[in-house]
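Structure first, commentary second.
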Amino acid sequence: MLERVRAPAGRELATAVLCGRHNALSPSQWATMEMEYIRITEDENDEPMEIPSEDDGTVLLSTVAAQFPGACGLRYRNPVNQCMRGVRLVEGILHAPESGWGNLVYVVNYPKDNKRKMDESDGSSAVKVKRAVKTSDLIVLGLPWKTTEQDLKDYFSTFGEVVMVQVKKDAKTGNSKGFGFVRFTDYETQVKVMSQRHMIDGRWCDCKFPNSKGPDEPVHSRKVFVGRVTEDISPDELRQFFTQYGEVVDVFIPKPFRAFAFVTFADDQVAQSLCGEDLIIKGVSVHVSNAEPKNNSRYLDRGGGRFGGNLALQFHGSCWNYNSPQMKMRLPVLPPWY
DNA sequence: GTTGAGCGTT
């Protein structure tokens, strides 16, 4: 069986795959294979297209993008639990799941929350598109008490595609606290919205960068802090979501629920690339930052200081001195658990 | 059941 599969002619090999004989192969046997065809589709209900792999069994994102312009990744439905899983992507190379590509149908991911929008861009085959125009959440100040998230969405949708709105409410009463957040798909929309005041339900409102955002100091860690997670996001869903960026080796959600989580990647570069990002999981905007606090002055210096210094120390339990000489030299300062 | 500058999460 193995000898047959090893036959160098790619076309014959593809035939074997199509006939389903590959199902008997182990992952190690797959590793010896030269080329196969992976079934890919934009929609699970559509007819898949076959895309060639590389000789080492990986699939180039550029190969996918050649057929699906704008593609930024792949996902597939896990036959065991029916959940969608992301395909590992490292530097433009898609890696097969543990059991090989198999005869699963893979679904193309597009940037911007999986919504295909390449028809209104230049159509240049992607990869870069994903982070080229990075938007961030904007705080909306001065909202009338009565304004709902639907109201916000309706209003801001007149400027461009909205990917997230929030109205901050009192946990007990559910009453609005008079401010919220909005996130747009396109950076141009964000710029426009920030450039003017907004009459919303009879009050003038302002959209600004939230104070909670600051330049993120690089720290060499595989673990990221994920803030603003909601209780309905399960550890498994977190894992599946973040797997689109790289292999996830651990997910930790404190109990009782505290609205944050930790995600550890196999590759520290993947972790670092996500720091500072606002990502949207199940419609919830979460913020990724370093697992170890950066400069606590973020909390102390900005916005009049929501917390006292001692309180900030209580939160973190420890405090890295980012003004220390070693930080200025950018020597790696590893958290104790790293 | 009120209010009107701020700031989501360690």
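Throughout, protein chains are lettered first and strands after them, A, B, ... in sequence-line order, and every chain is numbered starting at 1. The basis for the numbers below is simple: all heavy atoms, side chains too, and nothing from hydrogens, waters or symmetry mates.
With distances taken from any side-chain atom of A:Phe225 to the nucleotides B:dG8, B:dT9, B:dG6, the minimum falls on B:dT9. The nucleotide whose nearest atom lies closest to any side-chain atom of A:Leu141 is, among B:dG6, B:dG4, B:dG8, B:dG6.
Atom CE of A:Met164 and atom C1' of B:dG8 are 9 Å apart (whole Å). For A:Ile280 and B:dT9, the CD1 to C1' distance is 16 Å, given to the nearest whole Å. Whole-Å rounding puts the A:Arg258 CZ to B:dT9 P distance at 13 Å. Distance CG (A:Asp170) to P (B:dC7): 17 Å, rounded to an integer number of Å. For the pair A:Lys208 NZ and B:dA5 P, the interatomic distance rounds to 11 Å; values are reported in whole Å. Rounded to whole angstrom, the span from the CZ atom of A:Phe181 across to the C1' atom of B:dT9 amounts to 10 Å. The interatomic distance linking A:Lys169 (NZ) with B:dG8 (P) rounds to 15 Å, in whole Å. Atom CD1 of A:Ile253 and atom C1' of B:dT9 are 14 Å apart (whole Å).
Put simply, A:Trp145 rests on the base of B:dG4: the two rings are less than 5.5 Å apart at their centres and nearly parallel, under 30°. By the criterion of a centre-to-centre distance under 5.5 Å and near-parallel planes under 30°, the ring of A:Phe179 forms no stack with the base of B:dG6.
Residues meeting the side chain to side chain donor-acceptor pair (under 3.5 Å) test with A:Arg183, sequence neighbours left out: A:Thr135, A:Asp137.
Between A:Pro144 and A:Val286, the residue whose closest nucleotide on DNA chain B is further toward the 5' end is A:Pro144. Remark on DNA chain B: of its neighbouring residues A:Lys168 and A:Arg203, the 5'-side contact belongs to A:Arg203, judged by nearest-heavy-atom nucleotide.
Side-chain contact check for A:Thr58 and A:Asp56: at least one donor-acceptor pair (N or O, by modelled atom type) lies under 3.5 Å. Judged purely by distance below 3.5 Å, without hydrogens or angles, the side chains of A:Thr148 and A:Asp151 pair a donor atom with an acceptor atom. Residues A:Ser285 and A:Arg228 bring a donor and an acceptor atom of their side chains to less than 3.5 Å of each other.
The minimum heavy-atom distance between A:Pro48 and A:Thr41, with the atom names listed, is CA-CB, 4.0 Å.
Contact annotation for A:Phe260: backbone-only contact, meaning every heavy-atom pair under 4.0 Å involves sugar-phosphate atoms and none involves a base.
Below the 3.5 angstrom threshold, one finds no donor paired with an acceptor across the side chain of A:Asn211 and the base of B:dG6.
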